[in-house]
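What you see is a predicted model, and the numbers here were worked out from it, not measured in a lab.
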Amino acid sequence: MKNNVRLILAGLIIFTTIHAHAWNAPRTQKPSGSGNGQINYRSDCAPATMSYDLAINNVRARLLNGGDMWWDLSNGQYIVPAVDPALGVPGVSSLFAGAVWLGGFDDAMNLKMAAQTYRDPTHNDYWPGPLSSVGTTGADTCLNWDRFFIVKGATISDHIAAFLAAESAGIPFDCELVSDELKRYPARGNPHWSKYYSFDLPNDNQGLGAYFDANGDERYDPCDGDYPAIEVRGCPKESNFPDEIVFWVYNDAGNSHTNTNQTEIRMEVQVQAFAYATNDQINNMTFYRYKLINRAVLSIDSTFFGMWIDPDIGCSADDFIGCDTSRSLMYTYNQDEQDGENGCDCPGGVP
């Protein structure tokens, strides 16, 4: 991948995987870092702290903003069906954890890598927030961006209807009708940003959150009819908004890589997680779009990007993994008809 060239993955998560040239360790023995690279002190960013449950349909998927997802740093939190935790019914998680792995070589063939596994205070390769144009960040920037940006599809639908109604009536659109959800969205050129946040919104050609640009001025302003959208190549943005969008951004240059002990890439990772509430199988699915931007001054070559996934079909003691190479599909399944090691029992009391 060359400097400032982005790689895009929009994926349906049904235990799907792509190339990941890195190492893995069993969950019972967390890795202490076995890379040959030297740890270099970079910025002094603190680890990500935020979490959010994407639960617009029959899935309740825990999102984290530290490069990993689907767990609460202790237990799996990809719950299907999405039982309400307030009811006190233990949900069954079909995924324990997942994370993005990145690796490649600079022009001198030095390995650079960021590969999160079971994140804890001593095993961390990612930090919140975007990077500067030369791949730097700071503690304040990381702290400011330690957050999610959430927009509901119903909010977008209401906004579109109100804007079209004003246009049809031949009257100016009243900006006061625009929801705070839309005005707080981190898209390029958002003129309402400073009303809600005390830090600046980056403004470069890569942008942040994807959006439908109603008037084509290349700046986001919902008062002009713009709204958040999912940027998938080949799909028109004006018709491509789901029932919920969650956006966040993180990087691998905020501090030392204590999970891999490898040199940072200076990669900025922008994520859109989204889902649809439907009456078909899509109601049981969640989707993720990753945009990778190499902010380093130097290029990185021979780069691999992958999702490391630790799937648990409820109890992990009787799980198997298979693949269908003709469909680039990975799947997991239980050893027998009952989930659990002996009947429905599972070591550790996992539901």
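Judged purely by atom type and a 3.5 angstrom limit, Asp336 uses its side chain to pair as donor or acceptor with the backbone of Gln338. The main-chain N or O of Gly340 is found under 3.5 Å from a side-chain atom of Asp318 such that the two form a donor-acceptor pair. Between the Asp213 side chain and the Asp217 main chain, a donor and an acceptor come within less than 3.5 Å of each other. In this structure, the side chain of Gln272 does not engage the main chain of Trp248 through any donor-acceptor pair within 3.5 Å. A donor-acceptor contact shorter than 3.5 Å is absent between the side chain of Thr286 and the backbone of Ala275. Checked by atom type and distance alone, the side chain of Ser157 pairs as donor or acceptor with a backbone atom of Gly153 at under 3.5 Å. Judged purely by atom type and a 3.5 angstrom limit, Asn294 uses its side chain to pair as donor or acceptor with the backbone of Ala296.
Side chains of Glu268 and Val249 form a contact here, defined as non-hydrogen atoms less than 4.5 Å apart. The shortest side-chain heavy-atom distance between Tyr126 and Leu102 falls under the 4.5 Å cut-off. Annotation: side chain of Thr141 is not in contact with side chain of Trp127 (no heavy-atom distance under 4.5 Å). Here the side chains of Leu63 and Ser51 are not in contact, with every heavy-atom distance at 4.5 Å or above. Residues His192 and Asp221 form a side-chain contact, since some pair of their non-hydrogen atoms from C-beta on lies under 4.5 Å apart. Counting heavy atoms from C-beta outward, Ser93 and Pro351 have side chains that stay 4.5 Å or more apart. For the pair Phe105 and Ile300, the minimum side-chain heavy-atom distance is 4.5 Å or more. In this structure the side chain of Thr332 never reaches within 4.5 angstrom of the side chain of Phe320, judged on heavy atoms.
Here disulfide bond (SG atoms under 2.5 Å apart) pairs that include residues 117-198, with residues two or more places apart or in two chains, are Cys45-Cys142, Cys175-Cys223.
Heavy-atom minimum distance, Pro81 versus Ile79: O-CG2, 3.2 Å. Taking each heavy atom of Ala253 and Arg266 in turn, the nearest pair found is CB-NH1, 3.8 Å. Nearest heavy-atom pair, Met307 versus Trp70, reported as atom, atom and distance to 0.1 Å: CE-CH2, 3.8 Å. Contact record, Asp224 with Arg219: OD2-NH1, 4.2 Å, taken as the closest heavy-atom pair. Across all non-hydrogen atoms, the minimal contact from Cys346 to Ser316 is SG-N, 4.2 Å. Counting all heavy atoms, side chain and backbone alike, Asn57 lies closest to Ala277 at CB-CA, 4.0 Å.
Each of Ile56 and Phe148 belongs to its own hydrophobic cluster when Ile, Leu, Val, Met, Phe, Trp and Tyr are linked at side-chain heavy-atom distances under 4.5 angstrom. Clustering ILVMFWY residues whenever any of their side-chain heavy atoms sit less than 4.5 angstrom apart, transitively, puts Tyr220 in the very cluster that holds Phe163. Transitive grouping of hydrophobic side chains (ILVMFWY, heavy atoms separated by less than 4.5 Å) brings Val246 and Val271 into a common cluster. Linking Ile, Leu, Val, Met, Phe, Trp and Tyr residues whenever their side-chain heavy atoms come within less than 4.5 Å places Ile230 and Phe241 in a single cluster. Residues Tyr78 and Val83 fall into different hydrophobic clusters, defined by Ile, Leu, Val, Met, Phe, Trp and Tyr side chains chained together at heavy-atom separations under 4.5 Å.
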Show your reasoning for whether side-chain contact (heavy atoms from CB on, under 4.5 Å) applies to Leu73 and Asp120. CA-CA 7 Å; Leu73 304 184; Asp120 63 27; over 6 Å; no
Stepwise, does the side-chain contact (heavy atoms from CB on, under 4.5 Å) test hold for Phe173 with His159? CA-CA 11 Å; Phe173 177 61; His159 174 66; 3.9 Å; yes
Where do Phe247 and Gln270 land on the side-chain contact (heavy atoms from CB on, under 4.5 Å) test, with the steps shown first? CA-CA 7 Å; Phe247 177 87; Gln270 302 176 6; 4.0 Å; yes
side-chain contact (heavy atoms from CB on, under 4.5 Å) between Phe287 and Tyr276, intermediate numbers included: CA-CA 9 Å; Phe287 298 83; Tyr276 302 84; 4.0 Å; yes
Working note: Trp145 + Phe199, criterion ring pair (Phe, Tyr, Trp, His ring centres under 6.0 Å); need CA distance, chi angles, decisive distance, verdict. CA-CA 9 Å; Trp145 289 88; Phe199 55 96; 5.3 Å; yes
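Distance check: Thr117 OG1 to Asp68 CG gives 9.0 Å after rounding to the nearest 0.5 Å. For the atom pair Asp200 CG and Asn144 CG, the distance stands at 9.5 Å (nearest 0.5 Å). Atom CD in Gln77 sits 4.5 Å away from atom CZ in Arg62 (nearest 0.5 Å). For the atom pair OG1 (Thr263) and NZ (Lys112), the distance works out to 7.5 Å, reported to the nearest 0.5 Å. Atom CE of residue Met113 and atom CD of residue Glu264 lie 13.5 Å apart, to the nearest 0.5 angstrom. Note: Arg188 CZ to Tyr211 OH = 5.0 Å, rounded to the nearest 0.5 Å.
Using a 4.0 Å cut-off between a side-chain N of Lys or Arg and a carboxylate O of Asp or Glu, Asp204 and Arg295 qualify as a salt bridge. Looking at Glu181 and Lys152, no side-chain N of the basic residue comes within less than 4.0 Å of a carboxylate O on the acidic one, giving no salt bridge. Salt bridge present: Arg327 and Asp324 bring a charged side-chain N and a carboxylate O closer than 4.0 Å.
Of the candidates Leu201, Asp226, Asn203, Leu201 is the only one forming a side-chain contact (heavy atoms from CB on, under 4.5 Å) with Asn190. Among Leu64, Asp125, Asn259, the one residue that satisfies the side-chain contact (heavy atoms from CB on, under 4.5 Å) test with Arg119 is Leu64.
Aromatic rings of Trp308 and Tyr118 (six-membered ring for Trp) have centroids within the 6.0 Å cut-off, being under it. Between Tyr185 and Trp193, a ring centre-to-centre spacing not shorter than 6.0 Å is recorded.
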